[in-house]
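The structure appears right after this line, and notes come after that.
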Amino acid sequence: MEYNHREIESRWQNYWRENKVYHAEIDKNRKKFYVLDMFPYPSGAGLHVGHPLGYIASDIYSRYKRLQGFNVLHPMGYDAYGLPAEQYAIQTGQHPEVTTMQNIARYRSQLDKIGFCYDWDREIKTCDPEYYKWTQWAFIKMFNSYYDKDADKAMPISKLIKHFEEKGTEGINAASTKEFEFTAERWKGMSAKEKSDTLMNYRIAYLGNTMVNWCPKLGTVLANDEVSEGVSIRGGYPVEQKLMYQWCLRVSAYAGRLLDSLERLDWTDSLKETQRNWIGRSEGAEMIFKVDNSDLELEIFTTRADTIFGVTFMVLAPESAYVEKITTPERREEVNAYLDSIKHKTERERMIDKKVSGVFTGAYAINPVTGKKIPVWVSDYVLAGYGTGAIMAVPAHDSRDYAFARHFDLPIIPLIEGADVSEESFDAKSGKMINSSNGRLDLNGKEVKEAIAETKRFIEAEGIGKVKTNYRLRDAIFSRQRYWGEPFPVYYKEGIPEMLDESLLPLKLPQIDRYLPTESGEPPLGRAENWVSPEGYPLELCTMPGFAGSSAYYLRYMDPRNNEALVSHEANDYWRSVDLYIGGTEHATGHLIYSRFWNKFLYDLGEVCEDEPFKKLVNQGMIQGRSNFVYRIKDTNTFVSRGLIDQYDVTPIHVDVNIVSNDILDTEAFKNWRPEYKTAEFILEDGKYVCGYAVEKMSKSMFNVVNPDDIVERYGADTLRLYEMFLGPLEQSKPWDTNGIDGVNRFIKKLWGLFYKGDTLHVDDSEPTKENLKSLHKLIKKVTGDIETFSYNTSIAAFMICVNELASQKCRSREVLAELLVVLAPFAPHVAEELWHSAIGRDTTICDAQWPAFNEDYLKEDTVNYAVSFNGKARYNISAPADAAKEDVEKMALGHELAAKWIDGKNIKKIIVVPGKIVNIVIG
RNA sequence: GCGCAUAUGGCGUAAUUGGUAGCCGCGUUAGACUUAGGAUCUAAUGUCGUAAGACGUGGGGGUUCGAGUCCCCCUAUGCGCACCA
């Protein structure tokens, strides 16, 4: 029987599906293991060969764990809301749901062909009302919560209201947008609107006036992680800063916990570092500077409290509310002109333009430590959104302040002994302080770190400041002026936002006729008819962003059809959290932060039992494209082979990689590829047309997209799976190169040949030989170790060696071959099932098998070869009994006649014996 | 600018974690078979050299009997953050 991948793979895929082999249910007698892939956004282009890389890796792990007896949860679903489907809808009028469902069907058929062990009964789609009901539900919970900093967790907003009623803000330590102070009487006297506005400062999901990333081209706001270098990540359109009234999530309240619990996660250091950078903790102090001749006080944040004696001016962010308040009448005109010039710049322009700019407000502040009068400036190098939007400038020890001081000719006072500030600032946090004493606070002679601590103590004692930790992490902007997303369960009653009753969820996305904003500039939902609450109040017109649906999907898989809860306590108690999560690093500062936040929030509420969602995370590398080129001689239709291009004036042209094999062009296929090449002529080398190549992003425009379906059709899913893993280390990015796939395909055929000679099975119950067992157990040891460390590429090599060895040993032993198949099953499940079924256990499938135990005894040798070397230089080999003691090996080496010759006339200093490897004789 | 990775044959990579560098695969070369091929099988394949041998893990230094692996200094590439006070 020949190896026929089409027949084998469809047979077993059908079998698995019909028998629900991979369906998981809670089973308290077995240990659970939860393996998750980052679910895909179903794009119109379908899967290319890079997408399944991580899925194959997780599939191997899942199958391995299952063979080890774990109850494995391995689900899949779709992140179905997103901009591309909506952009397509705007262009074509096609409802995004229609295109999304088509794309999902295509993805599903592509995934099915690869033979994954997903439990499809648990499939979820984020655009399914039964799913997004729980996204809306979580939002309501966030609206009804605030973050209590003392308890360090989210609490019901009702508790805060009760406190306000009894004591006002006294004793409240809560995460808030602004700091408030009022009495219980004041609270009781507030109007409903005032109360609502006040509570918005505390709610975890809140409406706030925030500076947002507004993308005019996309017509929506974007979160920080959706913007890079001033342009939108999707589409690459310019993004500008705009103050808007938006729904936000108070992610910043969780910054400390998000940072601290990173320690406990089994993620790569680089990913944790990326998150640490993004969260950006900095410990410093807030200090108050009084404005001269005024009651106003400016609050600044600094990490270098020690440099207080070197403050020669202050700078406010252009957006700071203080600018308006402190600017003197004489300076008003100039300040306004400056603010205008800033406003007209986009974020991108502000970033590109690194020229120093700024304007003096005319006001002075008093340094609280020295009592000196210092000028207050405005400049766009100070950010409104970080710290207090105001800084104390220490030009001697901060490069930005230095550049500013130089430009505007402001004084520079060095504070560190030996620091030369004539050319540049001295930013390092080291050295001994000078010029830093006012009598009560004396930092002179102290090290910087000590001086920082000392100054902090001083300002707290004097009441001129306090120790403060700041985070770079901002609250997530949660509104999108878009159609294709989850509707907010929010209506506005006389302008006051209210949550819909939970019993009304899901609030379904309404049908609309067009997907563009309304004429009056409202979001697309403004077109929906009767978009009102049951009481007739208008509903929110924005929808939620992409990350809303992906933030808790891993919880929903645990209990996907539950109508009463996101996840039942029973299911959550059993499946707990994701044991292994595989996905790309591109989600490091988006999804992986939001999910952790969302999970911690639900944890605070007691809805879930684990504080972190993803215990172990593995980042698969990106598969890049490998483009091929043909070289056309200028102004002709003649193409010249790569080796000969030096002799002609040629233009390289991308050619479809699917008509190129091992860099050899199929010239006939090329002629038929496009009409203009119908008459193409070729100048060949050795009768072949050799193409050039380059590594580029895999994309349609480079003609380097390889579809997994084509590979599966030609070589089979097992070959695709093995080859993807064989390509190199999982975490590493690498180009897809179909050259080389024959190697793994040949391996499968050899494996097949181990069982079948022609049509007869060559498997019997003969006793395994010592060699058989050694080959097998070498494999078991290697693969078991590799799977745990995701070194799948070296496992494939081990399979090849093992099969070659067993073939040359003419192994027929059912016992040996059975274990070989079990070990292979996670990697190449179809062929393993087929051979198992026909050669090993006719009434069973390989899913019933047990992962074989490794036995060290089989690997033991009778004799062991030692390399004898002198001063590290290898000279000859000796062989010794495997159980020989070090001393005996030493003696053997010495007694060797060659040894005698080599060490002749030299002193032996020592002899180092590495068991089973090396005898090194140190002479001198 | 700050931080994190990575660097090994013509190519993708491996190295029991300090112990004979180059496993496995691709490619290449030669041969066998042959229905003449983009099939299969066998062998060779780091570089220089007829050989003995010498050299060889981005470059330079160091530790060690012994370094791809550890330490120091460079260089290059990739990624992340970036007026974050």
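This is a predicted model, so every value here is computed, not measured. Hydrogens, waters and symmetry mates play no part in the numbers below; they use all other heavy atoms, side chains included.
- By the 4.0 Å N-to-carboxylate-O rule, A:Asp710 lies too far from A:Arg714 to be salt-bridged with it.
- Residue contacts for A:Ile391: at a heavy-atom cut-off of 4.0 Å it reaches a base atom on one of the strands shown.
- Summary of the strand contacts: A:Thr589 and A:Glu273 both lie near RNA chain B, and taking for each the nucleotide with the nearest heavy atom, the more 5' one is attributed to A:Glu273.
- Among the protein residues, A:Arg474 comes within range of the nucleic acid bases, having at least one heavy atom under 4.0 Å from a base atom.
- Between A:Lys781 and A:Asn804, the residue whose closest nucleotide on RNA chain B is further toward the 5' end is A:Lys781.
- If you measure from atom CG of A:Asp742 to atom P of B:U40, you get 7 Å, rounded to the nearest angstrom.
- Distances from the side chain of A:Ser282 to the nucleotides B:A85, B:A82, B:C4 place B:A85 closest.
- Taking the ring centre of A:Tyr693 as origin, the terminal cationic atom of A:Arg626 falls inside the region bounded by 6.0 Å and 45° from the ring axis.
- A sub-4.0 Å separation between OP1 or OP2 of B:C83 and a side-chain N or O of A:Ser399 is absent.
- Nucleic acid contact for A:Pro729: sugar-phosphate only, since backbone atoms but no base atoms lie under 4.0 Å from a heavy atom of the residue.
- Each of B:G38, B:G19, B:A14 was ranked by its minimum atom distance to the side chain of A:Ile918; first place goes to B:G19.
- Within 4.0 Å (heavy atoms only), A:Ile801 reaches sugar-phosphate atoms of the nucleic acid but no base atom.
- A sub-4.0 Å separation between OP1 or OP2 of B:U40 and a side-chain N or O of A:Arg746 is present.
- Side-chain proximity of A:Lys917 to B:C26, B:A14, B:U16: nearest is B:U16.
- A:Asn793 comes within 4.0 angstrom of sugar-phosphate atoms only, judged by non-hydrogen atoms across all strands, and of no base.
- Remark: the backbone N or O of A:Val655 is not paired with any side-chain donor or acceptor of A:Asn628 at under 3.5 angstrom.
- Listed pair A:Tyr381 / B:A85 fails the phosphate criterion, with no side-chain N or O lying under 4.0 Å from OP1 or OP2.
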_A:Tyr756 and A:Tyr3: CA distance, side-chain angles, deciding distance, ring-ring contact (aromatic ring centres under 6.0 Å, His included) verdict_ = CA-CA 9 Å; A:Tyr756 280 102; A:Tyr3 169 62; over 10 Å; no
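- OP1 or OP2 of B:A82 lies within a sub-4.0 Å distance of a side-chain N or O belonging to A:Arg472.
- Counted within 6.0 Å of OH on A:Tyr689, heavy atoms from surrounding residues, nucleotides or ligands total more than 12; the atom is thus considered enclosed.
- Across all strands shown, A:Thr302 has heavy atoms under 4.0 Å from sugar-phosphate atoms exclusively, and none from any base.
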